[in-house]
Undergrad: 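My questions all concern the structure below.
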Amino acid sequence: MTSSCLCILSVHTMMSKQVGDFLVRDSLSSVGDYVLTCRWQQDVIHCRISKVLVKSVQTKIQYMLEHESFDSVPMLVRHHAGTGRPVCPRTGAQLLCPVNRMLPLRYLEATFALAGGRPGSAHSPSTQRGAHIKRRSVTMTDGLTTEKIIPHRHGSGGRVLAVIPPSPVMRRSSDPHLSPSSSNNNLPCSDMPPSTHCTPAHGYPSESSEQGGSYCELRPGQAPIPPCKSYVERLRVEDGQSPDSGAPDGVEGFMLPLMETSSSFKPGKYQSTLLPAENKPLEMSVLKRVKELLAEVDPKTAAKHITKADCTVARILGVTKEMQRMMGVSSGLELLTLPHGHQLRLDLLERFYTMSIMMAVDLLGCTGSTEERAALLHKTIQLAAELKSNMGNMYGFAAVMRALELPQISRLEQTWITLRQRHTEGAILYEKKLKPFLKAMTDGKESCVLSNTSFPHVVPVLSLLERGVAAGEALESWESVESGVDVVMSHLEAARTIAHHGGLYRTNTESKLQDFQERKEVLEIFCTEFQMRLLWGSRGSEGSQAERYEKFDKVLTALSHKLEPPVRHSEL
């Protein structure tokens with residue numbers, strides 16, 4: 001094995017001696033690709049899975065192993081594991097039993113910021129090329145190969161790389177637990193056959209002290225961090241303090257994030273300039289004023305007001321240092337992917353459903369002629385297009401589209417016919433562009449341009465993480481299609497991207513809202529607490545979510561039937 005094969009970190013191989021054990025890990029020599037690692041006939045085989053861009057009718061990403069390509073890594077693994085086809089024809093290695101991972105794929109990318117490969121970065125490929133790495137020893141413990149490497153500077157541009165600690169014992173999917181063997185066997189570097197691809201990956205550490213492992217992130221230029229009893233102690237060690245010492249003088253110590261237990265929406269305490277202190281559901285005087293205000297603003301202005309309200313609730317905008325300290329992260333988009341972001345996820349779902357109901361009420365409350373309703377429908381479609389294309393607010397876009405796709409709206413045949421006749425371009429935009437785009441995003445087949453996005457499409461992630469408490473409707477896309485696992489994996493991958501780029505989304509939002517002159521009354525219409533008060537009244541807004549949605553579904557149905565009465569079968 002040459003020194004170039006070692007790259008930065010040690011080769012992470014199988015946790016068992018059994019033939020056919022395999023796992024998928026990241027490739028450090030080719031960032032963005034994966035490596036399929038398999039134990040076969042006392043050897044560890046490494047096969048690179050390359051990510052390729054296929055341009056046909058629709059450009060898509062595929063994953064190639066040897067000369068075969070697949071739509072996803074799970075499909076590639078299922079194909080070889082199910083058919084028994086060798087992953088490496090030269091050695092005949094087969095996939096028989098997966099080895100469970102303790103940390104997810106892309107751990108290195110998230111931890112060491114390898115994805116960007118920024119020039120001048122301590123972890124970028126340009127600075128890693130100058131590092132000359134030599135092997136100290138390779139030991140075998142219960143089938144686990146752990147390489148210890150000694151870095152040396154090569155010229156002035158080289159970086160000092162840290163030694164990787166031993167990897168922990170991991171569990172096979174078929175075994176309850178594995179304990180390390182007492183026998184150690186030396187495996188010289190030259191004993192590895194030339195057919196094995198030595199693409200390095202991270203030795204995923206364990207948090208369990210029973211096996212002697214410890215969570216220890218090593219970074220270039222740092223010495224190994226000794227095992228710590230807690231995460232707080234590890235942070236102190238990284239900052240040059242002893243595990244038992246407190247925070248330095250004048251510096252506030254580490255604080256656990258705050259676990260929120262109540263909603264940030266308080267409709268009962270909400271002070272409104274448009275609502276009286278006590279109001280009934282759908283109070284006519286307030287509805288009339290709301291419709292007047294919405295009629296005064298164009299779709300572009302309305303989209304900016306919606307985006308500002310959305311990003312404030314999601315904690316993309318207006319996040320203070322104190323809020324960051326309480327959340328434990330810098331952005332709400334990262335918080336919503338974490339366990340203690342449960343309440344934020346619920347609040348975002350509440351806002352999503354309430355906003356769509358509000359837009360539906362605006363459409364169904366148009367009791368004028370069919371032409372007037374068609375014109376309002378066209379304006380709503382323009383609002384959805386504005387949120388999607390110019391504002392990059394996929395969350396708000398999905399909420400408006402949900403209103404248009406509600407059965408109480410879609411059943412208005414005369415209104416839709418008039419739309420196609422009087423506003424043909426709007427009907428084509430809705431049917432041919434907006435609807436297919438939203439479906440592709442929900443199915444995990446389409447993503448928005450990162451540089452143009454202010455609020456990404458987080459609704460599938462919210463529904464996935466809060467399926468038991470989210471407002472249940474039809475089956476989710478991953479529950480009703482054959483490729484449901486691929487859809488779930490796509491959304492989880494998207495969640496990781498969303499959490500990683502919270503700062504970029506904030507910058508994009510601030511840029512799009514630059515010089516924006518808000519109207520206080522219009523902004524209030526798009527506030528969730530105002531909408532809850534208007535739709536359910538000052539008393540009903542405090543009721544349970546399921547009960548509120550169920551009752552209002554009946555209200556929407558009644559309004560829809562009043563506009564276009566259903567045709568009875570007996571009259572046909």
Side-chain angles (χ1 to χ4, degrees), residues 12 22-27 30-38 47-54 58-65 68-83 87 95 97-111 114-115 170-171 173 201-202 204 333-334 336-339 341 345 394-395 398 437-448 450 453 456-468 470 474-501:
H12 178 71
F22 69 94
L23 58 78
V24 179
R25 58 181 176 82
D26 294 281
S27 170
S30 179
V31 178
D33 292 343
Y34 298 114
V35 173
L36 183 62
T37 301
C38 178
C47 305
R48 178 177 296 165
I49 301 175
S50 301
K51 187 185 296 185
V52 295
L53 191 65
V54 179
Q58 183 178 5
T59 303
K60 61 180 181 179
I61 293 177
Q62 289 195 324
Y63 300 87
M64 180 172 292
L65 178 65
E68 284 189 287
S69 60
F70 301 84
D71 290 336
S72 65
V73 174
M75 288 180 64
L76 183 152
V77 172
R78 284 199 297 267
H79 171 76
H80 287 86
T83 61
V87 294
L95 308 183
C97 183
V99 175
N100 290 336
R101 306 177 67 94
M102 286 186 171
L103 291 172
L105 292 174
R106 293 289 166 220
Y107 172 77
L108 278 177
E109 182 176 311
T111 305
L114 287 172
M170 301 178 71
R171 291 198 304 172
S173 59
H202 185 62
Y204 293 85
L333 291 178
E334 184 176 0
L336 66 84
T337 65
L338 299 173
R345 293 192 291 270
M394 302 304 157
Y395 172 83
F437 179 77
L438 178 62
K439 185 179 186 305
M441 279 203 308
T442 304
D443 292 342
K445 299 177 181 178
E446 186 74 58
S447 60
C448 43
L450 191 62
T453 304
H457 188 44
V458 299
V459 178
V461 177
L462 300 176
S463 300
L464 182 64
L465 297 178
E466 302 293 342
R467 185 57 177 144
L475 291 176
E476 299 289 353
S477 58
W478 54 82
E479 298 174 313
S480 57
V481 296
E482 187 174 330
S483 57
V485 174
D486 294 333
V487 175
V488 170
M489 293 299 294
S490 174
H491 289 316
L492 293 178
E493 184 77 22
R496 185 160 44 232
T497 302
I498 291 170
H500 183 67
H501 294 289

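Computed from a predicted structure; not experimentally measured.
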Undergrad: Working to the nearest 0.5 Å, report the span between CZ of R78 and OG1 of T83.
TA: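 Here the rounded value is 12.5 Å.
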
Undergrad: Can you give me the closest heavy-atom contact between P460 and T442, atom names plus distance?
TA: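 Closest approach of P460 to T442: CG-CA, 4.4 Å.
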
Undergrad: Which residues satisfy the ring-ring contact (aromatic ring centres under 6.0 Å, His included) test with F70, sequence neighbours excluded?
TA: H79, H80

Undergrad: Run L465 and L336 through side-chain contact (heavy atoms from CB on, under 4.5 Å) and show every step you take.
TA: CA-CA 9 Å; L465 297 178; L336 66 84; 5.6 Å; no

Undergrad: Mind listing the closest non-hydrogen atom pair of V99 and L23 along with its distance?
TA: O-CB, 4.2 Å

Undergrad: Between R345 (side chain) and L338 (backbone), is there a donor-acceptor pair under 3.5 Å?
TA: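 Flag set: sc R345 to bb L338 pair under 3.5 Å.
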
Undergrad: Please tell me if the side chains of L438 and H457 come closer than 4.5 Å, counting only heavy atoms from C-beta onward.
TA: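 Touching, per the 4.5 Å side-chain cut-off.
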
Undergrad: Quick check against the 3.5 Å criterion: does T453 have a side-chain atom that pairs as donor or acceptor with the backbone of P456?
TA: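 No; judged by distance alone, with no hydrogens or angles, the pair does not exist.
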
Undergrad: Could you work out, with side chain to side chain contact (heavy atoms under 4.5 Å, CB included) as the rule, every residue matching S447, not counting sequence neighbours?
TA: none

Undergrad: Out of curiosity, I49 CD1 to D26 CG, how far, rounded to the nearest 0.5 Å?
TA: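 One gets 10.5 Å once the value is rounded to the nearest 0.5 Å.
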
Undergrad: Please enumerate all residues that pass side chain to side chain contact (heavy atoms under 4.5 Å, CB included) together with S72, with sequence neighbours excluded.
TA: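 Checked S72 against side chain to side chain contact (heavy atoms under 4.5 Å, CB included); matches are P74, M75, D486.
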
Undergrad: Find the distance between CD (Q62) and CD (E68) and round it off to the nearest 0.5 Å.
TA: 11.0 Å

Undergrad: For A495, give me all partners under side chain to side chain contact (heavy atoms under 4.5 Å, CB included), at least two apart in sequence or on another chain.
TA: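 Residues passing side chain to side chain contact (heavy atoms under 4.5 Å, CB included) with A495: T337, V461.
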
Undergrad: Who pairs with E446 by salt bridge (Lys or Arg N to Asp or Glu O under 4.0 Å), at least two apart in sequence or on another chain?
TA: none

Undergrad: If every non-hydrogen atom of H491 is compared with every non-hydrogen atom of M441, which pair is closest and at what distance?
TA: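 Taking every non-hydrogen atom into account, CE1-O, 3.5 Å.
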
Undergrad: Measure the CD-NE2 distance between E334 and H500 for me, rounded to the nearest 0.5 Å.
TA: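 Reported value, rounded in 0.5 Å steps: 10.0 Å.
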
Undergrad: Give, for atom CG of L462 and atom OH of Y395, the distance between the pair rounded to the nearest 0.5 Å.
TA: 7.5 Å

Undergrad: Are side-chain heavy atoms of F22 and P98 found at a separation under 4.5 Å?
TA: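 With C-beta onward as the side chain, the pair touches.
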
Undergrad: If you take all heavy atoms of S490 and G444, which pair is closest and at what distance?
TA: OG-O, 3.0 Å

Undergrad: A side-chain contact here means heavy atoms from C-beta on lying under 4.5 Å apart; do V73 and L36 qualify?
TA: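 No, every pair of side-chain atoms sits at 4.5 Å or beyond.
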
Undergrad: If we ignore angles and hydrogens, is there a donor and acceptor under 3.5 Å between the side chains of T37 and R25?
TA: yes

Undergrad: Could you tell me which non-hydrogen atom of I61 sits nearest to which non-hydrogen atom of L53, and how far apart they are?
TA: CG1-CD1, 3.9 Å

